[in-house]
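Some notes on the structure that comes next.
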4 protein chains.
Amino acid sequence: MSSTDAEATASLTPRGRRTRHALVDAAKEVFERDGFAARITDIAEHAGVAHGTFYTYFESKEEIFLAVSQELLEEFFPGRPRTDAPAPRDAYAAIESTNRQYLESYRRHGRLMVLWEEMPGVSPGLSGLIDDARAAVVDRTRRAILRLQSAGAADPAVDARYAAHALGGMVNRFAYGWVSRDEEFDLDTAVTQLSLLWANALRVPVPVPQRRSR
Amino acid sequence: MSSTDAEATASLTPRGRRTRHALVDAAKEVFERDGFAARITDIAEHAGVAHGTFYTYFESKEEIFLAVSQELLEEFFPGRPRTDAPAPRDAYAAIESTNRQYLESYRRHGRLMVLWEEMPGVSPGLSGLIDDARAAVVDRTRRAILRLQSAGAADPAVDARYAAHALGGMVNRFAYGWVSRDEEFDLDTAVTQLSLLWANALRVPVPVPQRRSR
Amino acid sequence: MSSTDAEATASLTPRGRRTRHALVDAAKEVFERDGFAARITDIAEHAGVAHGTFYTYFESKEEIFLAVSQELLEEFFPGRPRTDAPAPRDAYAAIESTNRQYLESYRRHGRLMVLWEEMPGVSPGLSGLIDDARAAVVDRTRRAILRLQSAGAADPAVDARYAAHALGGMVNRFAYGWVSRDEEFDLDTAVTQLSLLWANALRVPVPVPQRRSR
Amino acid sequence: MSSTDAEATASLTPRGRRTRHALVDAAKEVFERDGFAARITDIAEHAGVAHGTFYTYFESKEEIFLAVSQELLEEFFPGRPRTDAPAPRDAYAAIESTNRQYLESYRRHGRLMVLWEEMPGVSPGLSGLIDDARAAVVDRTRRAILRLQSAGAADPAVDARYAAHALGGMVNRFAYGWVSRDEEFDLDTAVTQLSLLWANALRVPVPVPQRRSR
DNA sequence: TATGAATGAGTATTCATTCAT
DNA sequence: GATGAATGAATACTCATTCAT
């Protein structure tokens, strides 16, 4: 549970905590079903509380969407990297692991992730928040690329910042297409292929087994 | 002017044609300013016609947005490739040319392109239409990759369909980030870098000059 | 009809003018009945139009209240004095005429005048507007007193500004009490008495007939 | 402390008395800040008690406003006159003393007095109560005028009841304007001027020093 | 007594769409 | 074709008041 959530919850009685929780759960379901057009009335109804009760805990749809998103934010944009910087020769493994985690998380949250992508059209405020988190991750990628280049393990012609944006976008967009349309993709193949493309793009050596994967 | 537009226009008197045109122009401006939340009243006002006149020409906001989008659809997803399949040894040049065109077009239409991306959250019907067009382009990319592979000019370990989705997404997402946020990118560098990543990813040979570009 | 009203009406079709008028009339009735707590729904209903139609003509309750008040504003705080400055020896007659006009107008508009007085508690914006108009009248009174003093026709110990505020307030408050509570007052007596008090206060000579009026 | 307050307080435990007191204090502040639109939540919060606690002591906003007003009621409309009827020849001194007290009290309670005036627009019940108190004072004034007239010390042409209403209103309205708008008045001058006007109006002799006061 | 969560009636407001002229 | 007035469904939000603990 994210810190923000803990904060919001701190001053509540157990009963209040239960109600708030029910609202967040309900909101998750309703957002998944109706997108951001979800009606506050429906959320309250789903949670089994009166209309006005919603406003005891949240000031707006944005705010509860944020609460629903807390978990995702932490999962996709952790405060700190989930793994230590890998030795250059493990670069491929790190890429693959990151991609696998990303795709799995993305698919697990499915409709909600899609909502994130479409947020700017609908709630600029919220999407700014997501953008910030995203920027941090792009920056981490950028630094990782620079490290590989220093170690002579990546194409020096590549501009780390441009590449971080482009490759991050590649995986993100792939996942988005997968979830939002009904493309037929296979998880393992997707991980292998995206990692191969990513590694190739940077000219990071790809271990032999992958090269035969299809 | 696209065929659909021509159709819609055919049965109108000259005066009607003018009014319809004014509405589409106005809509473009207003959509760019307000996003898809634009109000029909504003569009009509901008076009200098009465509110009700809108409905003489369009049945809904979706419909006029579609009309506004016709031009873009044609530009981004032309009915037929704009260039013939290049000889394998010109692969890099083709990649670069495609990317440059894409980025230039995307930037030219700026806010409107962003609207396209965010459409699904807001008008599923329309976005289906865009998706279809997109799919055609992805398929063309897929076949191009297959051709390169047959010619021994691209990494055979790459799955053409996955790669077509991924690399198309890469450029699309990069352009989106560029336009929707205020990232500082340089057009030439962006073209060079994205093309380098794309070519690298497929292990398509990159001519020497690029390799020194930064 | 005040200029503001004419303006608002200028761009409307006859039908629109009729509807707008119906709304203002309805509002007057409803405000008189319910005070400023009147509901917009009621006003629309009273005017025999749909709820939303209200918003075709007015943006808020304040705005229609202002429209309702236009006529009163002009009556109580005319852009220019309704009479020329009287010769000093007619001072009493002028006082009496002004008071009679004021009391008659106030009583004619009854409940609506009372609403004006209570406006500050309920809509500071509107009341500021009324205050401004009131200030202009107070200033006119002040200058009239100064004129009388120069002519040696009024007590020189009186401070014209303080007196203008005080005596204007006296008549206003008297009228307010008369209308808002059910005090039993007689119009002629009220005019005579207020004028006597006013004249006495300034030591303006009071013609003999008045002195016997009761 | 007024009798009503004492009553309400009698049956409470010391702790209850403290809480009730905190609520009344808080209400005074909040009413002064927000007018009668003050929210019960805010009052409770200000008093440092839970929302629901309010209802342990008061049934409604009106009721606590009344409690807040007790002190003022007593100050402005004392159960008995604060001074004995003055000898006719001290009439002016009595007028001046009353006016000074009134203006000082009014200004001391400032925003709250203004609230009183605007009460009818907002809570007819309460304002009826205030009206009653006011009526008692007007009646006292009326009888004082009659006394002066019997003693030959005031203009016999003046109708005591009309004058009591008018002159009371004059001072009240002057004070209201002073407090609610930002008129620049000076206390001593105001007292002198209002007393002068009042005395003049009744043709009560004004001692010489006043006549030179400005 | 105190708490604070829950309630829900009440009201304003927006805007796509219809339709008489 | 054009007009612009009229419509009314849809929904958000506030806050006094109740009540279980």
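We use all heavy atoms of the structure for the numbers below, so side chains are in, but hydrogens, waters and symmetry mates are not. To find a chain, count down the sequence lines: A is the first, B the second, and so on, and within it residues start at 1.
Heavy atoms of D:L12 sit under 4.0 angstrom from primed sugar atoms or phosphate atoms, though from no base atom. Base engagement by C:G52 is indicated by at least one non-hydrogen atom pair under 4.0 Å involving a base atom. Across all strands shown, C:F54 has no heavy atoms under 4.0 Å from either base or sugar-phosphate atoms. Using a 4.0 Å heavy-atom distance criterion, D:E45 is classed as making no nucleic acid contact. Heavy atoms of A:T53 sit under 4.0 angstrom from at least one base atom. Residue contacts shown for B:F58 are absent, as no nucleic acid heavy atom lies under 4.0 Å away.
As a whole-Å value, the separation of D:F65 CZ from F:dA16 P is 15 Å. Atom pair D:Y57:OH and F:dT17:C1' shows a separation of 18 Å (rounding to whole Å applied). Taking atom CD1 of D:I40 as the reference point, atom C1' of E:dT3 lies 16 Å away to the nearest angstrom. What separates CZ of C:F36 from P of E:dA12 is a distance of 10 Å, to the nearest Å. In this structure, A:E59 atom CD and F:dC15 atom P are separated by 12 Å, rounded to whole Å. Distance, D:H51 NE2 to E:dA5 C1': 11 Å, rounded to whole Å. With rounding to whole Å, D:L23 atom CG is found 9 Å from E:dA2 atom P. Between the C1' atom of E:dA20 and the OH atom of B:Y55 lies a distance of 17 Å, rounded to the nearest Å.
With the nearest nucleotide of DNA chain F identified for both D:A37 and B:A50, B:A50 has the one nearer the 5' end. Toward the 5′ end of DNA chain F lies the nearest nucleotide of D:T41, the other residue of the pair A:R15 and D:T41 mapping further downstream. Comparing A:T13 and D:G16 along DNA chain E, the residue whose closest nucleotide (by nearest heavy atom) sits nearer the 5' end is D:G16.
Among all heavy-atom pairs drawn from C:L115 and C:F65, the shortest one is CD1-CE1, 3.8 Å. Closest heavy-atom contact between D:I64 and D:A27: CD1-CB, 3.6 Å. Residues B:L23 and B:I43 come closest through the heavy atom pair O-CG2, 3.9 Å. Minimum interatomic distance between D:A67 and D:R20 (heavy atoms only, all atoms of both residues): CB-NH2, 4.0 Å.
Using a 4.5 Å heavy-atom threshold, the side chains of C:K28 and C:H46 count as separate. Looking only at side-chain heavy atoms (C-beta outward), B:D25 and B:E29 stay at 4.5 Å or farther from each other.
Between F:dA2 and B:T19, a contact under 4.0 Å exists linking OP1 or OP2 to a side-chain N or O.
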So what does the secondary structure string of DNA chain F come out as, 5' to 3', with Watson-Crick or wobble pairs under 3.5 angstrom, [ ] for crossing and | for pairs with another strand? .||||||||||||||||||||

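Ring orientation note: the planes of D:F36 and D:F31 are close to parallel, at an angle under 30° on the 30°/60° scale.
For B:R39, counting side-chain heavy atoms from C-beta on, the closest listed nucleotide (E:dC15, E:dT7, E:dT11) is E:dC15.
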Criterion side-chain contact (heavy atoms from CB on, under 4.5 Å) on A:R18 and A:R15, from CA distance to verdict: CA-CA 5 Å; A:R18 242 178 295 131; A:R15 186 191 183 193; 4.0 Å; yes

